[in-house]
Amino acid sequence: MKRYLHTLAYLLGIHLLGLFFLSAYRAVQFIALHGMLQPNGEASRLTAFVKGIWFDNVIACYLMVVPLVVLLLAASIGYCHRRLRRGAAIWFCVLYGVVLAVSAANIPYFAYFFKNLDASIFGWFGYVGTTTGMLVGEKSYWLYILLFILSIIAFVWLVRKLRRCADKHIGETFVRQNWKTLVACLCITLVTTGLCIFGIRGRTGYNPIKISQAYYCNDPFLNQLGINPAFNLFTSTLDGMRKENTELHLMPYNEAISYTRDALHITGLADSTTVLRRHISAEGETIRPNVVIILMESMSANLLQTFGQEKCLTPTLDSLYHHSLAFTHFYSAGIHTNHGLTASLYSFPAMMMRNLMKGTVTPHRSGLPTVLKQQGYHNLFFMTHESQYDNMNAFFRTNGYDEVFAQEDYPSKEVVNSFGVPDKYLFEYALTTINRTASTEQPFMATILTISNHPPYIIPDGFKTRTKEPETQIVEYADRCIGDFLTQVRRQPWYDNTIFVILADHGKLVGQMDSELPQSYNHIPCLIFGKGVEPYLYDGLGTQVDLMPTLLGIMNMSYDYDGFGVDLLREQRNRVFYTSDTHMVARDSAGVFLYSPKMEKDFCYNLGADGQLHPTKFNNHFQQLRQYVFAMEQTAEFICRKN
């Protein structure tokens, strides 16, 4: 048993040694680049290092799992030959050499790009001579090359010392274990292996650890300091291999950009990176009301009686349609929550399966939160589930939000399923927090993302419903929560100085499949009401990318704009576009065009007066819709690549 425990101690010593070296590199990066810290920042530096150890442990466990299983299983049966320990030492020295090289290279890389090393560096491998010349020719890099050489020498020497110490205590003879010792050793091996695998996963939650877990403050340097560079490089490489991130090739980039700029009435020369950048100038006095945006999960317009639903499921929303700036032909950008968030808040369209909030390097977007933050607003985001879901914590903190509230902030007793707390508790928590923010007299924008209308449906005990099916009962519950929240906020002193926006993140299948992408998936309600908003039933086309310019138009704000939307109160759309995972769609008042890139097949429908779709053949009308959606999506692809 002693030989087994000495083997375990040998492996643990190497694990701790690896964590020490990785933390030391983080300290060097902090010292070398501390000038990148935000001035007068109050965030804890220690937290970044604690989170860094967390991420370092993931990498250390990846490197440990194979030697751990081999050496402990061998030791369990009494075989502890030094060749096993020598082989493990070589394994650790080689792999930690790679990891430490990445950590060393990350410091000058971060200094230049203000991001951690990612898969983009593999593009340099095609220019070996140029890249080598850059590394050798830039004298400031020599220090980090020397640092790596010294650190790997020290690491190899210390591993060798640990191995020799283990050899001294363990010896080489084979000792047959009695069955009790064998069972005990195998149990310890099983537990230790389980802990190592848990270390690789990084956490107990619904998802394994992601870079979002490192984000804890509003200082981008500290948020990225905690991310292990090797972890960042590894996960970014995996992200780049995902099918949904494959580059779109619908039409030439220059043709697409020219078409899109013309369609959005953008004049002047195009910047090579911000090809849609234009300045929106407002006339008259700017108003700065508070803003509350509620994005309802899966709330298809077809669930409202306003749009023909027979059952009374949404009395709150139906009532608001008579007292708001209400849109009747409004569409979500995609069919996933991340699509609805990036489109509604940042005016960027969905790109089929791609999640535009994720990426080992968190994407930067200008949008409603960034514009309002420049105007002195305090921005808050509330979600029901874990903050790292869809990389939300990192994405929103990077792109204009000051505070992000999620499942980690709520009492565990309030969590009802894998998506966190129910809507009722979310609104109660949000209201308390908003009241605290409002008391500072600083204008605020609060975004509330609901969840209840998403499986698994959790209908609270005692909630009285009109219907019997869970799919409709949960819609009643979601609508009631909105109504109760609005009842409460009308009593607050900040209510009269607030604009409210209620829309869905996307729809869902309601009724029949009327096309390859049923209209109910994207046809959603959108309501704006409050300070300075005249009630009006807007019967034209609109989509989530239009929310930002329309809302800022109501507020009479001037700003630089990179988005795909228009101010619907000043410019009427004649067509809109959106996507699903498998199709891209363009529609106008007369027809709907769908295209499947995988099948390279078109689907064309005439639009009846009753909103029903009627299959028809491809003609010049659909050719125009085809060119429109191709140009918009290809331009979005270009911007993503440049971003």
Side chain to side chain donor-acceptor pair (under 3.5 Å): pairs with one or both residues in residues 94-106, sequence neighbours excluded |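 Applying side chain to side chain donor-acceptor pair (under 3.5 Å) to every pair that reaches into residues 94-106, excluding sequence neighbours, yields Q29-N106, N106-N116.
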Which pairs pass side chain to side chain donor-acceptor pair (under 3.5 Å) with one or both residues in residues 404-418, sequence neighbours excluded?
->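 Residue pairs passing side chain to side chain donor-acceptor pair (under 3.5 Å), neighbours aside: S387-E408.
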Interatomic spacing from CD1 in I188 to CG in L72 - rounded to 0.5 Å |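 It is 9.0 Å, given to the nearest 0.5 Å.
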How would you list all residue pairs meeting salt bridge (charged side-chain N to carboxylate O under 4.0 Å, His left out) that involve [range], not counting sequence neighbours?
{"range": "residues 4-17", "answer": "none"}
{"range": "residues 390-400", "answer": "none"}
{"range": "residues 200-229", "answer": "R203-E386"}
{"range": "residues 48-71", "answer": "R26-D56"}

Applying ring pair (Phe, Tyr, Trp, His ring centres under 6.0 Å), can you list everything that pairs with [X], at least two apart in sequence or on another chain?
{"X": "Y144", "answer": "none"}
{"X": "F92", "answer": "none"}
{"X": "F381", "answer": "F396, Y401"}
{"X": "H378", "answer": "none"}

Decide if atom NZ of K373 counts as having more than 12 heavy atoms of other residues, nucleotides or ligands within a radius under 6.0 Å.
-> yes
With side chains defined as the heavy atoms from C-beta onward, is the minimum distance between [X] and [Y] less than 4.5 Å?
{"X": "M357", "Y": "L341", "result": "yes"}
{"X": "M392", "Y": "H385", "result": "yes"}
{"X": "L22", "Y": "L100", "result": "yes"}

R277/D271 salt bridge by N-O under 4.0 Å criterion | no
Could you pull out all residues at least two apart from Y253 that satisfy side chain to side chain contact (heavy atoms under 4.5 Å, CB included)?
-> E247, Q634, E637, F638, R641
Could you check V183, L190, V191 and say which one makes a side-chain contact (heavy atoms from CB on, under 4.5 Å) with C187?
-> V183
Can you name the salt bridge (charged side-chain N to carboxylate O under 4.0 Å, His left out) partners of R45, sequence neighbours left out?
-> none
Ring geometry between H81 and Y79 (parallel below 30°, tilted from 30 to 60°, perpendicular above 60°) |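 Parallel, since the angle between the ring planes stays under 30°.
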Going by the ring-ring contact (aromatic ring centres under 6.0 Å, His included) test, name the single residue among F21, F20, F148 that passes it with F155.
-> F21
